[in-house]
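Taking it in order: structure first as structure tokens, then the write-up.
All heavy atoms count here, side chains included; hydrogens, waters and symmetry mates do not.
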Amino acid sequence: MIMTIQEFVNKYNWKRIDFDNFAGYQCVDLTRQRLKESGLPQYKPLGNNWCKLIALNPNAYLVAPLRWVQNDLKKPNQIPKPWDIIIFSVPKSTWHIAVVTGALPWVNSLTIFEQNGWKWTTTGVWVDACRIRKITYRNVLGWITW
């Protein structure tokens with residue numbers, strides 16, 4: 001049985017995940033762990049440019065049933081669902097990726113579960129550990145769904 005989003009959050013909240021044993025505790029490690037525990041295929045390895053490559057060329061990195069949805073502010077009812085994997089345009093060099101736990105379009109509110117999402121130190125401690133954060137749709141490029 002696949003765990004719920006809340007079970008996943010409870011399991012990893014304030015912990016560290018180094019899924020690929022490369023470059024420390026990165027945001028992509030949390031999303032890859034999420035895919036593994038859900039029985040979904042992994043997106044292709046991202047190399048040094050990390051998650052921005054998915055948003056720039058989703059067909060090269062996503063495998064079925066994973067697909068890319070571009071954020072379109074003209075379609076306010078098009079929102080990610082819990083468990084989707086969202087990509088942001090910050091930080092500038094690599095961008096950021098996280099797991100969606102909830103989304104509300106009418107209040108411009110999005111709740112995410114992320115790792116390495118504040119200081120980007122790769123240590124996975126304090127604010128860079130896995131945690132829940134409420135944000136707006138600002139800087140949301142799109143999301144991976146299935």
Would you compute the distance between atom [atom1] of [X] and atom [atom2] of [Y] and round it to the nearest 0.5 angstrom?
X: W95; Y: C51; atom1: CH2; atom2: SG; result: 8.5 Å
X: L104; Y: I79; atom1: CG; atom2: CD1; result: 6.5 Å
X: S109; Y: K134; atom1: OG; atom2: NZ; result: 4.0 Å
X: C130; Y: K11; atom1: SG; atom2: NZ; result: 11.5 Å
X: N10; Y: I5; atom1: CG; atom2: CD1; result: 10.0 Å
X: I86; Y: T31; atom1: CD1; atom2: OG1; result: 12.5 Å

Under 3.5 Å: donor-acceptor pair, side chain of [X], backbone of [Y]:
X: D29; Y: F19; value: yes
X: T101; Y: T111; value: yes
X: T136; Y: R138; value: yes
X: Q115; Y: W14; value: no
X: D84; Y: K81; value: yes
X: N108; Y: Y137; value: yes
X: S38; Y: L35; value: no
X: Q42; Y: R32; value: yes

Point to revise | Cationic tip of R34 above F8 ring, under 6.0 Å, 45° of axis | key: no
Can you tell if the side chain of [X] reaches within under 4.5 Å of the side chain of [Y], non-hydrogen atoms only?
X: I112; Y: I132; answer: no
X: V100; Y: I85; answer: no
X: Q78; Y: D72; answer: yes
X: F88; Y: V140; answer: yes

**Study point:** Verdict with supporting geometry, Y43 and I97, side chain to side chain contact (heavy atoms under 4.5 Å, CB included)
**Key:** CA-CA 13 Å; Y43 44 79; I97 192 167; 4.0 Å; yes
Practice item. Take W83 and V99 through the test side chain to side chain contact (heavy atoms under 4.5 Å, CB included) and record every step on the way to the result. Key: CA-CA 6 Å; W83 276 123; V99 177; 4.2 Å; yes
Shortest non-hydrogen contact from [X] toward [Y]:
X: P65; Y: L40; value: CG-CD2, 4.1 Å
X: R131; Y: G117; value: NH2-O, 3.9 Å
X: A64; Y: P41; value: O-CG, 3.5 Å

Review point. What about L56 and I87, same hydrophobic cluster or not, with Ile/Leu/Val/Met/Phe/Trp/Tyr joined at side-chain heavy-atom distances under 4.5 Å?
Key: yes
Exercise for review: Find out if a path of hydrophobic residues (ILVMFWY) with successive side-chain heavy-atom gaps under 4.5 Å connects W146 to V28.
Suggested key: yes
**Study point:** Stepwise side chain to side chain contact (heavy atoms under 4.5 Å, CB included) test for N13 and F113
**Key:** CA-CA 8 Å; N13 199 31; F113 189 52; 3.6 Å; yes
**Study point:** Heavy atoms from other residues, nucleotides or ligands near NZ of K36 exceed 12 (cutoff 6.0 Å)
**Key:** no
Check your understanding: How about Y12 and E37: does a side-chain donor come under 3.5 Å of a side-chain acceptor?
Key -> yes
Review point. Between W68 and Y61, is the ring centre distance below 6.0 Å?
Key: no
